[in-house]
Amino acid sequence: MMKKYDFKLEAVLKLRKLNEENCRMELGALMLHMQKIDSQIEYEKTQIDNYYKMQEDILKNGVGGAQLQLIPNMISAKTKNIQLLNRDKRKQQQLIDEKRQELATVKGELKVMENLKEKDFNEYKKAINKEIDQKVEEQTQLWLMNKKQGLEK
């Protein structure tokens, strides 16, 4: 009777697969946050353009000095916010780069385990094939002996 294949390090392999999956999800979340930062930067730039247009309209229609001073302050605030968002973007990119490196390491560790399992399975198949070949040889020898004995009688 042939024994069922059992990889002794299956638990480690499953753990490494789970670790790789978690790392991929974390990387995806980091990249999603990066997209949100990019969207916010674009929104702020659009707002600045709108403020400039608003300033031109105010200048054409004539308005008081207090209102005229408000626009540059709003533009300055948006510009400062873009600078802060760009700082956050650089930090986020650094986190993404670190997570990509971690993912590469985790994938390498997983590949090592998968290769070990494949090698172990191939050895198992060789042992099973050897066992089968041996049994076939024994059966053939028995058959030949029985045939020879049957002819002698």
Value rounded to 0.5 Å, distance of CD in Gln55 from NZ in Lys60: 12.0 Å
Lys91 side, atom NZ; Asn86 side, atom CG - distance, nearest 0.5 Å: 12.5 Å
Side chains of Arg16 and Val106 in contact at under 4.5 Å (non-hydrogen atoms): no
Residue pairs involving residues 101-112 (criterion side-chain hydrogen bond (donor to acceptor under 3.5 Å, both in side chains); sequence neighbours excluded): Lys99-Glu102
Residues that Asp38 engages under salt bridge (charged side-chain N to carboxylate O under 4.0 Å, His left out), provided they are two or more places apart: Lys89
Gln93/Asp97 under side-chain hydrogen bond (donor to acceptor under 3.5 Å, both in side chains): CA gap, chis, key distance, verdict: CA-CA 6 Å; Gln93 186 60 52; Asp97 292 343; 3.0 Å; yes
Set of side chain to side chain contact (heavy atoms under 4.5 Å, CB included) partners for Lys45, sequence neighbours left out: Ile41, Glu42, Ile82
same_hphob_cluster(Leu110, Val12) at 4.5 Å side-chain heavy-atom cutoff: yes
Under the side chain to side chain donor-acceptor pair (under 3.5 Å) test, residues paired with Tyr43 that sit two or more places apart: none
Under the side chain to side chain contact (heavy atoms under 4.5 Å, CB included) test, residues paired with Asp88 that sit two or more places apart: Ile37
CD on Glu44 to CG on Leu84, rounded to 0.5 Å: 10.0 Å
Polar side-chain atom of Asn81 near backbone of Ala77 as donor-acceptor pair, under 3.5 Å: no
Any side-chain donor near an acceptor of the partner, Asp120 and Tyr5, under 3.5 Å: yes
Glu56: partners by salt bridge (charged side-chain N to carboxylate O under 4.0 Å, His left out), with sequence neighbours left out: none
For Lys125, side chain to side chain contact (heavy atoms under 4.5 Å, CB included) partners two or more places apart: Phe121, Asn122
CG-NZ distance between Asn19 and Lys17, expressed to the nearest 0.5 angstrom: 13.5 Å
Closest non-hydrogen atom pair between Tyr51 and Met74, with its separation: CE2-CE, 2.9 Å
ILVMFWY clustering at 4.5 Å (side-chain atoms), partners of Leu27: Leu30, Met31, Met34, Leu95, Ile96, Leu103
Spacing of CD belonging to Gln139 relative to CG belonging to Asn146, to within rounding of 0.5 Å: 10.0 Å
Lys135 bridged to Glu131 by N-O distance under 4.0 Å: yes
Inter-residue atom distance Gln40.CD - Gln47.CD, 0.5 Å rounding: 9.5 Å
Co-membership, hydrophobic cluster, residues Tyr124 and Ile132, 4.5 Å side-chain: yes
Partner set under salt bridge (charged side-chain N to carboxylate O under 4.0 Å, His left out) for Arg100, not counting sequence neighbours: none
Set of ring-ring contact (aromatic ring centres under 6.0 Å, His included) partners for Tyr52, sequence neighbours left out: none
Lys14 bridged to Glu10 by N-O distance under 4.0 Å: no
Fellow cluster residues of Leu15, listed by chain then number, with links counted only when side-chain atoms sit under 4.5 Å apart: none
By side chain to side chain contact (heavy atoms under 4.5 Å, CB included) - contacts of Thr79 (at least two apart): Ile48, Ile75, Gln83
